[in-house]
Amino acid sequence: MKTDDLITMLARGAGPVEPPEDGRRLALGLPLAAVLAVALVAAVLGLIPPVLWPASATGVKMAYAGALAFSGLWLLRRLGRPGASVVLPLAVIGGVLGIAAMVGLADALAVPEAARGMQLMGKSASRCPTAIVLLSLPALAVCLFAARALAPVHRARAGAAAGLAAGALAAAAYGLACDEGALVFITVWYSLGMLIATGIGALVGPQALRW
């Protein structure tokens, strides 16, 4: 039998390709975690009306958090496949954080020095990171559960990627209730909440992802 004929015969009986197990878990779990986060935000803090979104920089918050959520999930799936390169997702994460830092600094420098403290602290600096971390916990559980279908060699790094994705999803949900519009506030306090969630993921990853 010729090689081409053998390949054709095998392909006929191959059947449809099943989606990756981690992809199915994420597709089912993350929307539920997102809905839960938004529901908690709505019940406890109340959502800001869409008419106030421009003044509250809601679009900026969604773009920032969304980019990091996507990049965190991308990094998590790469870390779950031994030998896969993580250079590109790490570069995207670094680029997003770098752009956010520059935008936040420019925003701070654009106001008089006397007003910079208010720009930075706003009315809810102490609440923002805490809320993001608490809201991230269901999504972190989903991401770690999905990663168990993979084969992460560096479990702490995979846990950190899961924490970043979960923290970013939580930041997006929190942004729907946050009326702070200063970009420096978003850069500092939203980033801090996501950083803490990343650290929690790194801490629990080695145990949660044990083979």
Side-chain angles (χ1 to χ4, degrees), residues 7 10-11 13-40 61-101 129 131-175 190-211:
I7 293 173
L10 292 174
V17 177
E18 289 290 328
E21 179 64 24
D22 68 304
R24 290 199 296 271
R25 293 179 180 183
L26 289 172
L28 290 173
L30 278 186
L32 292 177
V35 169
L36 175 60
V38 173
L40 287 172
K61 295 167 186 171
M62 296 300 107
Y64 181 38
L68 288 179
F70 171 81
S71 303
L73 288 174
W74 185 13
L75 178 61
L76 176 61
R77 300 194 76 187
R78 287 293 182 90
L79 286 168
R81 291 167 169 78
S85 174
V86 297
V87 173
L88 194 52
L90 284 175
V92 172
I93 291 170
V96 172
L97 293 174
I99 291 171
I132 289 173
V133 171
L134 293 175
L135 290 168
S136 74
L137 297 180
L140 176 59
V142 169
C143 290
L144 291 174
F145 177 65
R148 288 182 61 84
L150 302 174
V153 176
H154 303 287
R155 290 174 292 164
R157 297 178 192 176
L164 174 61
L169 186 149
Y174 178 75
Y190 276 64
S191 299
L192 178 60
M194 290 186 279
L195 177 62
I196 295 173
T198 301
I200 293 173
L203 287 174
V204 303
Q207 290 298 322
L209 301 176
R210 179 178 290 177
W211 295 2

*Dump the intermediate steps for side-chain contact (heavy atoms from CB on, under 4.5 Å) on Leu140 and Phe145, then the final yes or no.*
CA-CA 8 Å; Leu140 176 59; Phe145 177 65; over 6 Å; no
*Which pair of non-hydrogen atoms, one from Cys143 and one from Leu30, has the smallest distance, and what is that distance?*
SG-CD2, 4.0 Å
_Quick check for you: to the nearest 0.5 Å, what is the distance between Ile132 atom CD1 and Leu137 atom CG?_
12.5 Å
*asked:* Could you report the tightest heavy-atom contact between Ala69 and Ala165, atom names first, then the distance?
replied: O-CB, 3.9 Å
*Val86 and Arg78: which non-hydrogen atoms are nearest, and at how many Å?*
CG1-CB, 3.8 Å
*Mark yes or no for whether Arg148, through its side chain, and Ala208, through its backbone, hold a donor-acceptor pair below 3.5 Å.*
yes
*Contact summary for Gly80 and Leu150, nearest pair of heavy atoms*: O-CB, 3.4 Å
_Minimal non-hydrogen separation, Val133 against Ala197, with atom names_ = CG2-N, 4.3 Å
_Could you measure the distance from the CG atom of Leu144 to the CG atom of Leu76? Nearest 0.5 Å is fine._
8.0 Å
*For the side chain to side chain contact (heavy atoms under 4.5 Å, CB included) test, which of Leu73, Leu75, Leu79 pairs with Pro89?*
Leu75
*Measure across Ala171 and Tyr190 and return the closest heavy-atom pair with its distance rounded to 0.1 Å.*
O-CE2, 3.6 Å
*asked:* Can you tell me how far apart CG (Leu164) and CG (Leu97) are? Round to the nearest 0.5 Å.
replied: 7.5 Å
_So does Leu68 get a backbone contact from the side chain of Ser71, meaning a donor-acceptor N/O pair under 3.5 Å?_
no
_I'd like to know if the side chain of Arg155 reaches the main chain of Gly205, judged simply by a donor and an acceptor atom lying under 3.5 Å from each other, with no hydrogens or angles considered._
no
*Going through the distances and angles, do Ile93 and Trp74 end up as a side-chain contact (heavy atoms from CB on, under 4.5 Å)?*
CA-CA 10 Å; Ile93 291 170; Trp74 185 13; over 6 Å; no
